Structure formats: structure tokens, C-alpha cells
Trainee: 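Here's a structure for you.
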Amino acid sequence: MQRIHFETEHNLFRDAFRAFLDKEVVPHQEAWEEAGVVDRSVWRKAGELGFLLPWADEEYGGAGLKDFRYEQIMCEELAHINEPGFMIPLHSALCGPYIAEYGNAEQKARFLPGIIRGETILAVAMTEPSAGSDLAGMRTTAVDKGDHYVLNGSKVFISNGLLADLVIVAAKTDPNNKHAMGLFLVERGMPGFERGRNLKKLGMKSQDTAELFFNDVKVPKENLLGDAKGGFYYLMNMLAQERLTNACGAVAGAEAALQATIDYVKERKAFDRPIAHFQNTRFKLAEMRTQVDVAQVFTDRCVMDHNQKKLTPEVAAEAKLFTTELLGKVVDEGVQLHGGWGYMWEYPICRMYANARIQRIFAGTSEIMKEIISRGMKL
Ligand SMILES: Cc1cc2nc3c(=O)[nH]c(=O)nc-3n(C[C@H](O)[C@H](O)[C@H](O)COP(=O)(O)OP(=O)(O)OC[C@H]3O[C@@H](n4cnc5c(N)ncnc54)[C@H](O)[C@@H]3O)c2cc1C
């Protein structure tokens, strides 16, 4: 189905981003998968070409492109090449905006240029071993010591956990108020800030997902983002954009999985005919084609609503819920239609299947999305 919300400049941006991926990412994907982490140098290259935080103001080195369609294009192209480790969306559309939105002038001037150049890689650390969905249950604390805070606690499952130079860490700031938390900019090399192992995962093999530890880390007050008790609100406020980002990637991932399956069933033969000719295959593919098209139209509309600051958390949750569940269905049917070859890592559908599973879990599980949507229905 033809999409109607992209204009010439978006198509040119897509061509440039795709050319960058073909040259700087695709040839390294296997090596990154083996290493469990992408090469730092690719971040610099992306920065040089203007692909990091293109929305940021020009005074910091951005292009001032305040149009989420550019973020959408990057999510889509990364999904099309099935690259889960080089998380530009996490850096650009999730973490960077915290600094632009809640940072003061000094913090923006100090951090944004390096972030935009790809020299300072970002991560956000909310989840803890005993608190994921229930963020208010986190135990990491930040105690006010006058000119600095002292951070203690640990985080788990942190994307870019090993590569990150600057981590936005959520920590409790008032023992009497479970929703009082601050967001702290913890920098590589701060004494007491340590990283655990690169966690072994079902998929996303090229992504460095790690544990982080904070043992009496002295964080200067200049590294607190916004209000010391406002962090919970900041996180909730930013999660709508994060979920839209997930939706953009999920629907593109579903499209890629569908295409890979279509290509395969046309080639593969059983009982003297291509398996594409069996009615079961055609009906499955027809269902998926329809669902992916519907999901794409909805996601594109969310992007345009977001551009006009009209996307509500409930609708962002609908987008994440629908597209990530659909992705799960498409990769599963895709593996089925590939038969045993679909279970082999060398086939893209196998990696897509493994990479897709987390989409229904991170950035809020499907169950949490349903909570958010139903809360908005005032039942
Ligand atoms: C690969 C990967 C990357 C990640 N990256 C990051 C990152 O960069 N930064 C970060 O902070 N976190 C990150 N996470 C953490 C992720 O966001 C959490 O795993 C997720 O929010 C779920 O939290 P949990 O794992 O503690 O599960 P739990 O909260 O323990 O949930 C377990 C189950 O209980 C269900 N459940 C919980 N509460 C309810 C409820 N109220 N109603 C119904 N069901 C409920 C859940 O839906 C789920 O099915 C990442 C995780 C992974 C695996």
C-alpha cells in the first residue's frame, strides 16, 4: 500500500541513510554479532553524516529537523537490515530528548555536541533486578550531600550498557515518597560506577545489554536533569515517544519478515510446486499483508500526530501493543513457512524471530500497554 506522509526530502534522507547502512553497517553485522557489541567507530561515522539527533538545534551541531518522520525512517531502515545492536533510535529518539527537554543551558552545551557527533554514546537506566514494570519499586537511591548526590544501587538489562559514555540513571530521592526520583547524568569513569557482564540473550546478539552498578558514586549537582523529584514524571512523559519508536521499528520488522517469507515460498518447492501455491501459504500471507498494511497506516498517522504534539500516551501504547504483537505473529508464521530452514541462524527469518521477541517486553510489556489503554477508557 502506498504511503502518503513522506515527501521528497524524506525520501532523499532515506536513500542517504540506507547508503550509510550498506557501507558502514551491513558488512560488519556478523562480526558485531560474534562480538556481542557494535564497533564504537560506527557511532562517529553516523554522527559525521548527521544521523544522530537530527532534530537537535543547530547551535549544538544538530540539523534542527523537528520532524519525527526522520526518526521513523531510521527505525525502518535498521529493521529492514535486521540490525538490533546499533541502536540509533535509543540514542537519538529516547535518550537525547531527555537532555534537550529537561537539561539546562549549561548541560545542553556540555553534552549535546558530543552526543550529536557520536563521541558520547547514551543509555537510559531505569530497570532493576527487582523492578521493571513497576518503576516506583526501584531501590537505587540518590542522597543529597550539598553540592553533589551520592548514588547507590544497581540496574539491569541496560541497552548500550557497555558502550555508553553517559547514562541517564533514575534514582529515588525521597524515602518517604515512592514516586520521588531524579534523573542523573552518570559519566564514564566516575568512581564507583561499574559495569557488569554483557548479558547473553535470545536475540539482539550485537547489542551490549548489561548490568550497571553504582557504589557511592558522587554525582555533582550539575549532572541532575531538571527537578530532583520530577524524574518519574519525566520518564512517563518520554515513554510515549519511546513507544512510537518501537511501533515504527516493529511494523517495519514485520514488513521485512513478510518479504523474506514471500521470497522464500516462491523458491522452495514441495510436492512438485512452489509452496507459495498451497492455499494455506497464500491465505497466511494474505492475512499478514492485510495486517501489516493496516498497522502501517495507523503508525504513520501516529507519527504525524506526534509531529503536531497530539499523540496521547494511550494511542502510543495502542501503537506499540498492536505492532509488536503483530511482529511476533509475522515472524512466527514466517519461521513456520520456512520449515526447518526457518530455525537456522543463517536464514534472516530466524534472526528476525529471535530479535522480535523482546519487542513485546521492553519499553513496557504488552500487559502494561493494555493497562495504559484501559485506564484511558475510564472503565
Ligand atoms: C534486551 C533488553 C533491553 C532492555 N533495555 C533497557 C534499557 O535500556 N533501559 C532500561 O531501563 N530497561 C531496559 N530493559 C528492561 C525492560 O524495559 C523490562 O524488562 C520491562 O519493562 C519488563 O520489566 P521486568 O523485566 O522487570 O518484568 P516484570 O515487571 O517483572 O514483569 C513480568 C511479567 O509480569 C507482567 N506484569 C507486571 N506488572 C503487571 C501488571 N500491572 N498487570 C499485568 N501484568 C503485569 C508483565 O507484563 C510480565 O509479563 C531491557 C530489557 C531487555 C530484555
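Note that the structure is a prediction, hence the values are computed from the model and not measured. In this chain, numbering begins with 1 at the start of the sequence shown.
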Trainee: Is Asp147 paired with Lys221 through a side-chain N to carboxylate O contact shorter than 4.0 Å?
Mentor: no

Trainee: Is it the case that Lys205 places NZ or CZ above or below the six-membered ring of Trp345, under 6.0 angstrom from the centre and within 45 degrees of the axis?
Mentor: yes

Trainee: Using 0.5 Å steps for rounding, measure from the CG atom of Leu183 to the CG atom of Asp227.
Mentor: 10.0 Å

Trainee: Please determine whether the number of non-hydrogen atoms from other residues, nucleotides or ligands lying under 6.0 Å from atom CZ of Phe86 exceeds 12.
Mentor: yes

Trainee: Under 4.5 Å between side-chain heavy atoms, hopping through other hydrophobics if needed: is there a path connecting Leu162 to Leu199?
Mentor: no

Trainee: Does the side chain of Asn223 reach to within under 4.5 Å of the side chain of Phe184, using non-hydrogen atoms?
Mentor: no

Trainee: Mind checking whether Met74 and Pro54 have side chains closer than 4.5 Å, heavy atoms only?
Mentor: yes

Trainee: So how far is it from Thr141 OG1 to Lys172 NZ, rounded to the nearest 0.5 Å?
Mentor: 9.5 Å

Trainee: If you draw the axis of the six-membered ring of Phe213, does the NZ or CZ of Arg195 fall within 45° of it and under 6.0 Å from the ring centre?
Mentor: no

Trainee: Go through Val25 and Gln29 one step at a time and tell me if the side chain to side chain contact (heavy atoms under 4.5 Å, CB included) criterion holds.
Mentor: CA-CA 6 Å; Val25 174; Gln29 281 181 287; 4.1 Å; yes

Trainee: So, Asp216 and Lys145, do they make that salt bridge, N to O below 4.0 Å?
Mentor: no

Trainee: Please walk me through it: do Arg40 and Asp165 pass salt bridge (Lys or Arg N to Asp or Glu O under 4.0 Å)?
Mentor: CA-CA 11 Å; Arg40 277 192 91 78; Asp165 304 291; 2.6 Å; yes

Trainee: Show your working on side chain to side chain contact (heavy atoms under 4.5 Å, CB included) between Met138 and Met181 and close with a plain yes or no.
Mentor: CA-CA 9 Å; Met138 72 172 61; Met181 58 182 78; 3.8 Å; yes

Trainee: If Ile, Leu, Val, Met, Phe, Trp and Tyr residues are connected whenever their side-chain heavy atoms lie under 4.5 Å apart, and connections chain through other members, are Ile372 and Leu94 in the same group?
Mentor: no

Trainee: For a 4.5 angstrom cut-off between non-hydrogen side-chain atoms, does Leu166 reach Val186?
Mentor: no

Trainee: Can you see which heavy atom on Met87 is nearest to which on Pro84, and at what distance?
Mentor: CG-O, 3.4 Å

Trainee: Any side-chain donor paired with an acceptor under 3.5 Å for Thr127 and Lys155?
Mentor: no

Trainee: Between Arg268 and Val265, does a side chain to side chain contact (heavy atoms under 4.5 Å, CB included) hold up when you go through it step by step?
Mentor: CA-CA 5 Å; Arg268 176 76 175 176; Val265 298; 5.9 Å; no

Trainee: Got more than 12 heavy atoms from elsewhere within 6.0 Å of CD, Gln259?
Mentor: yes

Trainee: Less than 4.0 angstrom from a charged side-chain N to a carboxylate O is my criterion; do Glu33 and Arg351 meet it?
Mentor: yes

Trainee: Can you give me the closest heavy-atom contact between Leu225 and Ile168, atom names plus distance?
Mentor: CD1-CG2, 4.3 Å

Trainee: Taking all non-hydrogen atoms of both residues, which atom of Leu52 and which atom of Gly118 are closest, and how far apart?
Mentor: CD1-CA, 3.4 Å

Trainee: If we count only N and O atoms by modelled type, under 3.5 Å, do the side chains of Arg110 and Asn104 hold a donor and an acceptor together?
Mentor: no

Trainee: Using the six-membered ring wherever Trp is involved, compare the ring planes of Tyr98 and Tyr102 and label them parallel, tilted or perpendicular (cut-offs 30° and 60°).
Mentor: tilted

Trainee: Near Lys108 NZ, under 6.0 Å, is it more than 12 heavy atoms from other residues, nucleotides or ligands?
Mentor: yes

Trainee: Taking atom types as modelled, find out whether Gln296 and Glu255 have a side-chain donor-acceptor pair closer than 3.5 angstrom.
Mentor: no

Trainee: Look at Asp39 together with Lys45 and state whether they make a salt bridge at an N to O cut-off of under 4.0 Å.
Mentor: no

Trainee: With the threshold set at 4.0 Å, does a side-chain nitrogen-carboxylate oxygen contact exist between Glu211 and Arg197?
Mentor: yes

Trainee: Report the distance from atom CG of Leu112 to atom CD1 of Ile115, rounding to the nearest 0.5 Å.
Mentor: 5.0 Å

Trainee: With a 4.5 Å heavy-atom cut-off, do His91 and Leu53 have their side chains touching?
Mentor: yes

Trainee: Please say which of Thr245, Asp300, Asp67, Thr299 ends up in a side-chain hydrogen bond (donor to acceptor under 3.5 Å, both in side chains) with Gln72.
Mentor: Asp300

Trainee: Between Glu314 and Arg375, is a salt bridge (Lys or Arg N to Asp or Glu O under 4.0 Å) present by the stated rule, with each step listed?
Mentor: CA-CA 8 Å; Glu314 291 80 7; Arg375 244 179 263 150; over 6 Å; no

Trainee: Please name the residue in the list Arg301, Arg69, Gln241 that meets the side-chain hydrogen bond (donor to acceptor under 3.5 Å, both in side chains) test with His306.
Mentor: Gln241

Trainee: For the residue pair Glu83 / Ser206, report whether a side-chain donor-acceptor contact shorter than 3.5 Å exists.
Mentor: yes

Trainee: Do Glu9 and Tyr70 come within less than 4.5 Å of each other through their side chains, counting heavy atoms only?
Mentor: yes

Trainee: For Ile4, does the CD1 atom sit with more than 12 other heavy atoms under 6.0 Å from it, leaving out its own atoms?
Mentor: no

Trainee: Can you confirm if the aromatic rings of Phe20 and Phe51 lie within a centre distance of less than 6.0 Å?
Mentor: yes

Trainee: Measure across Leu78 and Pro89 and return the closest heavy-atom pair with its distance rounded to 0.1 Å.
Mentor: CD1-CD, 3.6 Å

Trainee: For the residue pair Phe214 and Phe193, does the interplanar ring angle fall in the parallel (under 30°), tilted (30 to 60°) or perpendicular (over 60°) class?
Mentor: parallel

Trainee: Mind checking whether Phe68 and Trp55 have ring centres under 6.0 Å apart?
Mentor: no

Trainee: Do Ser154 and Glu128 have side-chain N/O donor and acceptor atoms under 3.5 Å apart?
Mentor: no

Trainee: Between Glu48 and Arg117, does at least one N-O distance fall below 4.0 Å, as a salt bridge requires?
Mentor: no

Trainee: How are the rings of Tyr264 and His338 set relative to one another: parallel (under 30°), tilted (30 to 60°) or perpendicular (over 60°)?
Mentor: parallel

Trainee: Is there a side-chain contact between Lys201 and Thr209 (heavy atoms, below 4.5 Å)?
Mentor: yes

Trainee: Crowded around Arg188 CZ? As in, over 12 foreign heavy atoms under 6.0 Å?
Mentor: yes

